[in-house]
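Please read the structure below before turning to the comments.
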Amino acid sequence: MNLRTHISRSNGYRELGMFDESILELEEIEGEDRWHPLVVEARYNTYRDAKEWELAKTMAGVMANRMPDKFEWLKNQADAMTECGDSAGALQLLKDASERFGEDGKYLLAVGRQYSLLCEIEEAKKYVKRAFKIDKSLRTEFLDDPAFDAVWESF
């Protein structure tokens, strides 16, 4: 069976909420394809949906290391760290990437989110305002995310 078939089946199981079957399908992949980026992404998606945050964090970390210029994976890793109860670590992870992503609106919003979760509302507001100046479309994400409730109320 080819790689795409395994991934397609895994995604199907995941969408049905059959997380163990999803991972078992990926376990059938042999050789170097076991760690193909599409397989790691499928593992991350399954662990995320199953709320297996430690495993999701590991898969996001693998992808973030492989693709250091893609903010999506750094954000996924930070989000998983937050779900594991390590908002401070997630904030530090994001701050360590400021040279790469410092002027990206999504990056700034993610940093602001971590500050908000740590109840550092004034710092959160600074980042949120900067994010909005760069990308006004982020306002919807801000309003929909309960992590920002305290920031929203402070305006």
Exercise. Does the pair Glu41/Arg48 count as a salt bridge with the N-to-O cut at 4.0 Å?
Worked result: no
Exercise. Below 4.0 angstrom, N of the basic side chain to O of the carboxylate: do Glu54 and Lys57 qualify?
Worked result: yes
Closest non-hydrogen atom pair between [X] and [Y], with its separation:
X: Ala131; Y: Leu108; answer: CB-CB, 3.8 Å
X: Ser154; Y: Lys125; answer: OG-CD, 3.1 Å
X: Lys95; Y: Tyr115; answer: NZ-OH, 3.2 Å
X: Leu38; Y: Arg4; answer: CD1-NH1, 3.2 Å
X: Ser87; Y: Thr82; answer: OG-CG2, 3.6 Å
X: Phe71; Y: Tyr107; answer: CZ-CA, 3.5 Å

Problem set entry | Single-linkage hydrophobic cluster, 4.5 Å side-chain cutoff, Leu117 and Ile121 together |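 Different clusters: Leu117 never reaches Ile121 through Ile, Leu, Val, Met, Phe, Trp or Tyr contacts under 4.5 Å.
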Exercise. Are Val128 and Leu138 co-members of a hydrophobic cluster defined by side-chain heavy atoms under 4.5 Å apart?
Worked result: yes
Exercise. With a distance cut-off below 6.0 Å to the six-membered ring centre and an angular limit of 45° from the axis, does Arg139 pair with Phe132 as a cation-pi contact?
Worked result: yes
Exercise. For Tyr127, is the NZ or CZ atom of Arg130 found under 6.0 angstrom from the centre of its six-membered ring and inside 45 degrees of the ring axis?
Worked result: yes
I want to check something: taking the side chain as every heavy atom from C-beta on, are [X] and [Y] in contact at a cut-off of under 4.5 Å?
X: Asn11; Y: Arg14; answer: yes
X: Phe101; Y: Lys75; answer: no
X: Leu24; Y: Glu28; answer: no

Could you check whether any side-chain N or O of [X] sits under 3.5 Å from a backbone N or O of [Y], counting only pairs where one atom can act as donor and the other as acceptor?
X: Arg43; Y: Ile23; result: no
X: Ser10; Y: His6; result: no
X: Asp33; Y: His36; result: no
X: Ser116; Y: Gly112; result: no

Exercise. Run the side-chain hydrogen bond (donor to acceptor under 3.5 Å, both in side chains) check on Asp96 and Gln92 step by step: do they pass?
Worked result: CA-CA 6 Å; Asp96 288 347; Gln92 190 58 53; 2.7 Å; yes
